[in-house]
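For ligands, and for the atoms within them, numbers begin at 1 and follow the listed sequence.
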Amino acid sequence: MSIESVTQDKLKIVLLEGIHASAEKLFRDNGFLNVITANKSLPEEELRQILKDAHYLGIRSRTQVTPELLEYCDNLEAIGCFCIGTNQVNLLATQQRGIPVFNAPFANTRSVAELVLGEMILLLRGIPAKNAAAHRGEWQKSATDSYETRGKTLGIVGYGHIGTQIGILAENLGMNVQYYDIENKLALGNAKPADSYHALLQTSDVVTFHVPETPQTQNMMDSEAFSQLKQGAILLNASRGTVVDIESLVNALTNRQILGAAIDVYPVEPKSNQETFISPLREFDNVILTPHIGGSTKEAQANIGIEVAEKLLKYSQNGSTISAVNFPEVGLPSHEGKHRICHIHQNEPGILAKINDIFSANRVNISAQYLQTDGGVGYVVTDIDQTSSEQVFEALQKIPKTIRARILY
Ligand SMILES: NC(=O)C1=CN([C@@H]2O[C@H](COP(=O)(O)OP(=O)(O)OC[C@H]3O[C@@H](n4cnc5c(N)ncnc54)[C@H](O)[C@@H]3O)[C@@H](O)[C@H]2O)C=CC1
Ligand SMILES: O=C(O)C(=O)COP(=O)(O)O
C-alpha cells in the first residue's frame, strides 16, 4: 500500500445490475471519474477481472460476493448493496477483510407493499387465470372463487418495514391482519400477533412472506407448512426465493389446495433480461409471476441510487461507517485543517495502544480519535495535526493483526 491515498479521480467504482444513473451522477459530481457501469450481473470470470483493481463495488440482489471472489479484490474498500437484502454478500468474509457493506434499508419498501397489495386483490378475484384465458379468446364470466378483500384475514410472515406497511394498507381495505415474527413487534393499527407460525397458516385467507434470507427462513414454506394452509388460501412471496419450496407450491397448485399465488423471487433467477426464465410455475394461469421487480419502481431506484452512493462517498471521503451492516459504526465530523488516518484491525486488546505508541514515538499530535469494535473487527479513525509521514504510515500497517490502513486526507 503506498503512502499516498489514491486520488479520487483514479478510484475505480464498479456499478452493476442496472443501478440507477443517480448513483453514477453523484460519484461523478464528487470528482470520481473512473465509474464503470453494467446493466446486468456479470459471469464469475468477468466479475473477477473487473474487480481486480476496483475500489468500490455497487450491486443489487443478484451478484454473489463470496470469499473466493474476495480473494481477487485486493483494492476493494467498500461494497454498496443498492437494495435491502445483503444475503448475496458474505458478510463475515467482507468484515474479516476490512470491507464495510452498506445497503438501503427502507427506500423500496413502499414499492413492494403496493405490488403485494395489488396482487392480493387480483388473486382473490381470480383475475390472473381469467386474464390469461381471455388472452386465449376464452370468455370466463363467473363469480366462482371470486372474493372481496373485505373481511378476509391476511397473515403476514415477517412484520418488518414491508410487512407493517402491507398490514396498514390491507386494513384500509377492511381486512383483518395478523402477523408472525421471531421478534416481539409493535402491532400497528388493529393487527394482532398470531399465536404461532402454524396458527397463522391455519387461520389466514391470504399469506404473504416478508422475511430476510437466513438459515431459519430457508424453505419455511415447505410441504408441511402447505398442509397447514386453509383450503383455497392464497400465497404470496416477494421476499427471497429460498423461502418457499417450489415443488411443494407446485403440488398445492396441482391439488387445487390453494386458489392462486404471486411469486416475485425464485431459488434461481436469470442473470440478465436476455436469459430465459425457467420455472415449473410457468404452466399455472392462476400464479402471478414477476421477475424480481418488487422494489423496481422509478421512485425507489432513484432514491436508492443516491442513498447508497452517498454512504460509499462518505466512507471514501470521511471514513464514516454509519449504517454499515457488517462493520463497527463510526460517525465522524469533518475536521478542518487536520489529517485523517483509518486503521482496521482484528479486534484484539492492545491495538489502540500500539497505534498511539507510534504517534507518540514520532511526535505526531492527535487532535481527535474514534474507536468502535464489532465482532471480529476494530476500526480506529485518528485525526492528526500534520500530514502522516511515510514512516508513521508504514509503522501503522506493520502492527500485528492489522487488516488495512488508509490515509483519507
Ligand atoms: N422482491 C423484492 O424486490 C424485494 C425483496 N425484499 C426482501 O424482503 C425482505 C424483508 O424486507 P423488510 O421488511 O424491509 O425487512 P425487515 O428487516 O424490516 O423485516 C424483516 C422481518 O422479518 C423478521 N424475521 C426474520 N426471520 C424471521 C423468521 N424466521 N420468522 C419470522 N420472522 C422473521 C424480522 O424480525 C423482521 O421483523 C428483505 O430481507 C428482502 O430479502 C426487499 C425489498 C425488495
Ligand atoms: O431490495 C431487495 O432486497 C430486493 O430484493 C430488490 O432487489 P433488486 O435491487 O431489485 O435486485
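- Taking atom 44 (C) of ligand 1 as the reference point, the nearest protein heavy-atom neighbour is V112 CG2, 3.4 Å.
- Heavy atoms of I182 found under 4.0 angstrom from ligand 1 belong to the backbone as well as the side chain.
- Near K185, with a cut-off below 4.0 Å to any heavy atom, the atoms of ligand 1 are 37 (O).
- Closest to atom 1 (O) of ligand 2 among all protein heavy atoms lies I84 N, 2.6 Å.
- Annotation: F277 is in aromatic contact with Y266 [ring centroid separation under 6.0 Å].
- Applying the 4.0 Å criterion to heavy atoms of H210 picks out, from ligand 1, the atoms 10 (C), 20 (C), 21 (C), 22 (O).
- The side-chain tip of R406 points at the ring of Y315 from less than 6.0 angstrom away and within 45° of straight on.
- Every atom of ligand 1 is numbered from 1 in the order shown, and the set under 4.0 Å from a heavy atom of Y159 is 37 (O).
- Inclusion of G85 in the set of residues having an N or O under 3.5 Å from an N or O of ligand 2 is warranted.
- Per-residue contacts place T109 under 4.0 angstrom from the following atoms of ligand 1 (heavy atoms of the residue considered): 14 (O).
- Between E183 and ligand 1, no pair of N/O atoms sits closer than 3.5 Å.
- The protein atom (non-hydrogen) at minimum distance from atom 11 (O) of ligand 2 is S61 OG, 2.6 Å.
- The single protein non-hydrogen atom nearest to atom 19 (O) of ligand 1 is G160 CA, 3.2 Å, given as residue, atom name and distance.
- At a heavy-atom distance under 4.0 Å, only side-chain atoms of R240, from C-beta outward, approach ligand 2.
- Side-chain atoms of T203 and Q178 form a donor-acceptor pair, as typed in the model, at a separation below 3.5 Å.
- The closest approach between R62 and ligand 2 stays at or above 4.0 Å for every heavy atom of the residue.
- When A113, A238, G241 are ranked by how near their heavy atoms come to atom 4 (C) of ligand 1, first place goes to A238.
- The shortest heavy-atom distance from H292 to ligand 1 is under 4.0 Å.
- In this structure, atom 7 (C) of ligand 1 lies nearest to the protein heavy atom S239 O, 3.5 Å.
- Only the side chain of N108 comes within 4.0 Å of ligand 1, counting heavy atoms alone; its backbone N, CA, C and O stay farther away.
- For the pair S41 (side chain) and T63 (backbone), a donor-acceptor distance under 3.5 Å is absent.
- Here the heavy atom of the protein found nearest to atom 34 (C) of ligand 1 is D181 OD1, 3.4 Å.
- Using a cut-off of 4.0 Å between Lys/Arg side-chain N and Asp/Glu carboxylate O, D53 and K10 are scored as not salt-bridged.
- Looking only at heavy atoms of the protein, atom 14 (O) of ligand 1 is closest to I84 CD1, 3.5 Å.
- Residue contacts with ligand 1 for D264 involve side-chain atoms from C-beta outward but no N, CA, C or O (heavy atoms, distance under 4.0 Å).
- Defined by atom type and a distance below 3.5 Å, a donor-acceptor pair is present between the side-chain atoms of Q202 and Q228.
- Within 6.0 Å of NZ on K230 lie more than 12 heavy atoms contributed by other residues, nucleotides or ligands.
- Ligand 1 places these atoms under 4.0 Å from at least one heavy atom of M220: 30 (N).
- A salt bridge links R150 with E148: the closest approach of a Lys/Arg side-chain nitrogen to an acidic carboxylate oxygen falls below 4.0 angstrom.
- For atom 17 (O) of ligand 1, the nearest protein heavy atom lies 4.0 Å away or farther.
- Between the side chains of Q165 and T109, at least one donor N or O lies within less than 3.5 Å of an accepting N or O.
- Taking the ring centroids of F327 and Y379, they lie under the 6.0 Å cut-off.
- Defined by atom type and a distance below 3.5 Å, a donor-acceptor pair is present between the side-chain atoms of T94 and N326.
- Side-chain polar atoms of H335 and D383 form a donor-acceptor pair below 3.5 angstrom.
- At a heavy-atom cutoff of 4.0 Å, ligand 2 is contacted by no atom of I293, backbone or side chain.
- Residue, atom and distance of the protein heavy atom nearest to atom 9 (C) of ligand 1 are V211 O, 3.6 Å.
- Nearest protein heavy-atom neighbour of atom 13 (O) of ligand 1: I162 N, 2.9 Å.
- In this structure, the protein non-hydrogen atom closest to atom 29 (N) of ligand 1 is T217 CG2, 3.5 Å.
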For side-chain contact (heavy atoms from CB on, under 4.5 Å), just list the numbers for Q301 and R60, CA-CA rounded to whole Å, side-chain angles, deciding distance to a tenth of an Å, and then say yes or no. CA-CA 11 Å; Q301 292 306 313; R60 289 173 62 183; 3.5 Å; yes

Take I99 and E77 through the side-chain contact (heavy atoms from CB on, under 4.5 Å) test and state the conclusion after the steps. CA-CA 5 Å; I99 301 170; E77 291 183 0; over 6 Å; no

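- In this structure, E17 contributes its side chain and R62 its backbone to a donor-acceptor pair below 3.5 Å.
- At least one N or O atom of R60, backbone or side chain, sits closer than 3.5 Å to an N or O atom of ligand 2.
- We find that R110 and E114 are joined by a salt bridge, their nearest charged nitrogen and carboxylate oxygen being less than 4.0 Å apart.
- At the shortest separation from atom 6 (C) of ligand 2 among protein heavy atoms lies H292 NE2, 3.6 Å.
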